[in-house]
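I have placed the structure first, in the form of structure tokens, so that the comments after it can refer back to it.
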Amino acid sequence: MHVGGGVPTQRHSSLSPSFAAQTMFQDRLQAQLVPALQSAFQHLFSHELDVRSVGFQPTRPEFEGDLTINVFPFLKISGKGPEQTATDIGEFLQRQVPIVERFNVVKGFLNIVIADSYWTDFLREAGNKDILQFPSTGRQVMVEYSSPNTNKPLHLGHLRNNFLGHSVSRILKAAGNEVVRVQIINDRGIHICKSMVAWQKFGKGETPETSGLKGDKLVGKYYVEFDKAYKAEIEQLVTGGMPKEEAEKQAPLMKEAQAMLLAWEANDPAVRALWERMNGWVYAGFNATYTRMGVEFDKLYYESQTYVLGKEDVRKGLEKGVFYTKPDGSVWVDNTAEGLDEKVLQRGDGTSLYMTQDIGTAVKRFEEFPALQQLIYVVGNEQDYHFKVLFIILKKLGFTWAEGLHHLSYGMVDLPSGKMKSREGTVVDADDLMQEVVDEARKAGEELSKLDEFSEEEKSALYETIGLAALKYYLLKVDPKKRMLFDPAASIDLQGHTGPFIQYTYARIKSLLRKAVELSVGSSQLSVASGPLTTDNHQLLPEERAVIKFLHQFPAVLNEAATKLEPSTIANHTYELVKAYNSFYQSVPVMKEEDPDKQRSRLVLSAAVATVTKKAMWCLGIGVPERM
RNA sequence: GGUCCCGUAGCUCAGCUGGAUAGAGCAUCUACCUUCUAAGUAGACGGUCACAGGUUCGACUCCUGUCGGGAUCACCA
């Protein structure tokens, strides 16, 4: 079980190779300019310029230009002052590179203006194909996420985990990888036995059907019942004079649960039957939650099956001398050379531990998927140490694929009231939260009342899409590594930097495109998007240019998101894009434009923004409505 | 105590391998619906980037230390 309840913080930036195509320039503009720049250095300063030392940055809005080169680092090479250096390079580029229209120099900054034709060429491309779909890398990548316990329902922490895992899977897919999504369900152990004992004792045969409770909620209820009754027993024992620690061990309920665990391991038919029955309830409940979340898995692992794995690998490790035994028979690994500690891998009685089965499960996965090159564990940063140790062990065991292991370590989600604690009842239930955001979307939608022609069914579907967008975007826009604060009010906000804001922009564009079709500016959306673009008779407006630039940056953003496993990068850039588009929309006429060329060009721009936005949101696991 | 993470506007977050006057959203205030969806746009207000040193032509960014917050160091998972 990897996820557990909480949600803490840390950083893990040692990225194994790369999850995206490394060789290709995701930024075509730079691909054109870098060689020219090298050539400039050759001619002007007789210097061989290292590609890696070139840093283009977008020109700040207050200056004229599209790209900026900071020449300060080159002064030693040029042997001239900053202004002269920048001017020399600028003049060379303008002469040699057709798309370099002109340039200006401010202090040590060379601002380059790229020709409109370059941008419109790009726009045509963005309108015609999916610029957020990279060619295949030929790599197969496994992403493990969710991985709950079966003794309690999913909560807010799981939401961040699931949304991250699902989004990362999609990002990697868009970046050209084949992705296998998995989870490992902790369906065995003392925790589920507690629920079982409590249900037997207090349940009176209650089922999801008779109680009307979702299966996972029902089982969770008995987990809580157990805890309550157990605490009462302890208190009684303590009042009777027993020390607390002793009481915790001697409480009859705990003894019963432990006995049940033994019976389970001994394959006791009655215990197994109850176990399967109650787990069945939980899975039905989980599936309903997953469906509403919109997350999916390609393969499920169960700890009841994997917990026996790993012993063989531990034995082999002992043979190789990678591990060692202590006098009591327990098996250890010494990671002090790596700056860590010694870690136990197998108990003195030969039974396995969390670490043991994680070793075995990893081995099994690479056996089952021979083409697998990367395995990403989406697990809270409270387990940073565990994964560090796990990866070191697998490397020590000599598995070459161990280089492709990665822990996507994400930070805890805090509540305004502080940390989420299941024992204190401060957990935010996943189902409740999703219902809440959807209700809120409905409330807001009905206030605006512009959906009169929608059927009830259509409205419900729309509110579902909007509410979940609010929640998902709220959780995904923050850097995964960082601990974040969950503010309920902000999470259901539909304005500003939110998912619904992006959806709204999309819906508005679709409305515009429908109108264009109606007025037969194009006989279909496709032809709207594929018509010729003329710029001979007009220059791109600043608003148009700004939008195109955000589109242009997007492939590089996807590349970055795939490399760093950061959906937040895409979330934030999508927001920047639609914000620029809204600004354009507000001040530049499209359907009202009389010049047909300009109009077509703006429709293409709008269509491209819609297409890219939809795909970007898909990468986040968020849907976009055609109207709202 | 050892190891690791975090500290940017009142609040929540961006800030790319060091580069121009540190950016958004929320909140507060102002303006804009007889023009393509106002779930929108434009603007105002708001900062000793925790603190102190250091490296550098240049530091929110890199290094050291201090303070504050958190995680983890189980024959638990």
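Values in this document were obtained by computation on a predicted structure and should not be read as measured data.
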Let's test your reading of the model: under 3.5 Å, does the base of B:A20 pair with the side chain of A:Asn111 as donor and acceptor?
yes
Quick note, A:Val590 side chain, CB onward, closest among B:A39, B:A20, B:C36 is B:C36
Is the shortest side-chain N/O distance from A:Ser587 to OP1 or OP2 of B:A42 below 4.0 Å?
no
Nucleotide of B:A38, B:U72, B:U41 approaching A:Asn582 most closely (side-chain heavy atoms):
B:U41
Using a 4.0 Å heavy-atom cut-off, write out nucleotides 10-18 of chain B from 5' to 3' as B (base contacted by protein), S (sugar-phosphate only) or - (no contact).
--SSS--B-
If you pin A:Phe109 and A:Phe501 to their nearest nucleotides in RNA chain B, which one's is more 5'?
A:Phe109
Pick the C1' atom in B:C16 and in B:A59, then give their distance to the nearest Å.
16 Å
Under 3.5 Å on both distances, the Watson-Crick or G-U partner of B:A9
none
Nearest listed nucleotide, side chain of A:Gln495, among B:G40, B:U37, B:G19:
B:G40
Between B:U37 and B:U41, how far apart are the C1' atoms? Round to whole Å, please.
13 Å
Expressed as a whole number of Å, how far does the P atom of B:G47 sit from that of B:G10?
6 Å
Please confirm whether the ring centroid of A:Phe486 lies under 6.0 Å from the ring centroid of A:Tyr474.
yes
Within less than 4.0 Å of OP1 or OP2 of B:U37, is there a side-chain N or O belonging to A:Ser511?
yes
When rounded to whole Å, the OH to P distance for the pair A:Tyr385 and B:A77 reads 15 Å
If you measure from the Lys or Arg side-chain nitrogens to the Asp or Glu carboxylate oxygens, is any gap between A:Glu440 and A:Lys443 under 4.0 Å?
yes
Distance check, P atoms only: B:G25 and B:G69, in whole angstrom units.
33 Å
Using the C1' atom as the point on both nucleotides, what is the distance between B:C45 and B:A50, in whole Å?
24 Å
Between A:Lys481, A:Arg483, A:Lys482, which is the residue that forms a salt bridge (charged side-chain N to carboxylate O under 4.0 Å, His left out) with A:Asp479?
A:Lys481
Taking only the P atom of each, what is the distance from B:A44 to B:G23 in whole angstrom?
12 Å
Does any donor-acceptor pair link the side chain of A:Lys450 with the base of B:U37 at a separation under 3.5 Å?
yes
Taking only the C1' atom of each, what is the distance from B:G7 to B:G15 in whole angstrom?
15 Å
Determine the contact category for A:Gly348: base if any of its heavy atoms lies under 4.0 Å from a base atom, sugar-phosphate if only primed atoms, P, OP1 or OP2 are that close, otherwise nothing.
base
Taking the six-membered ring for Trp and the single ring otherwise, decide whether the centroids of A:Tyr581 and A:Phe584 are under 6.0 Å apart.
yes
Check the distance between B:C76's P and A:Glu248's CD and give it to me in whole angstrom.
15 Å
Between A:Tyr377 and A:His406, does the ring centroid distance fall short of 6.0 Å?
no
Glycosidic conformation of B:C33, syn or anti, with 90° from 0 as the boundary?
syn
Using a cut-off of less than 4.0 Å, is there contact between a side-chain N or O of A:Lys579 and OP1 or OP2 of B:A24?
no
Would you jot down, in residue-number order, the residues of residues 440-448 of chain A having a non-hydrogen atom under 4.0 Å from RNA chain B?
A:Leu448
P atoms of B:U64 and B:U21, separation to the nearest Å
28 Å
Compute whether any side-chain donor of one residue and acceptor of the other, for A:Asn111 and A:Thr68, lie under 3.5 angstrom apart.
yes
From CE of A:Met591 across to P of B:U37 the rounded distance in Å is 10 Å
For A:Asp493 and for A:Thr505, locate the closest nucleotide of RNA chain B by heavy-atom distance; then report the residue assigned to the nucleotide nearer the 5' terminus.
A:Asp493
For B:U64, give the paired nucleotide (Watson-Crick: N1-N3 plus N6-O4 or O6-N4; G-U: N1-O2 and O6-N3; both under 3.5 Å), or none.
B:A52
Go through A:Tyr223 and A:His191 one step at a time and tell me if the ring-ring contact (aromatic ring centres under 6.0 Å, His included) criterion holds.
CA-CA 8 Å; A:Tyr223 187 75; A:His191 59 275; 7.3 Å; no
Is any side-chain N of the basic residue among A:Arg188 and A:Glu265 closer than 4.0 Å to the acidic one's carboxylate O?
yes
Rounded to the nearest 0.5 Å, how far apart are NZ of A:Lys388 and CD of A:Glu338?
11.5 Å
Mutual orientation of the aromatic rings belonging to A:Trp264 and A:Tyr307 [parallel < 30°, tilted 30-60°, perpendicular > 60°]:
tilted
Looking at the base of B:A20, is there any donor atom on it, or on the side chain of A:Thr68, that sits under 3.5 Å from an acceptor on the other one?
yes
Using the six-membered ring of A:Trp332, assess whether NZ or CZ of A:Lys326 lies under 6.0 Å from its centre and within 45 degrees of the ring axis.
yes
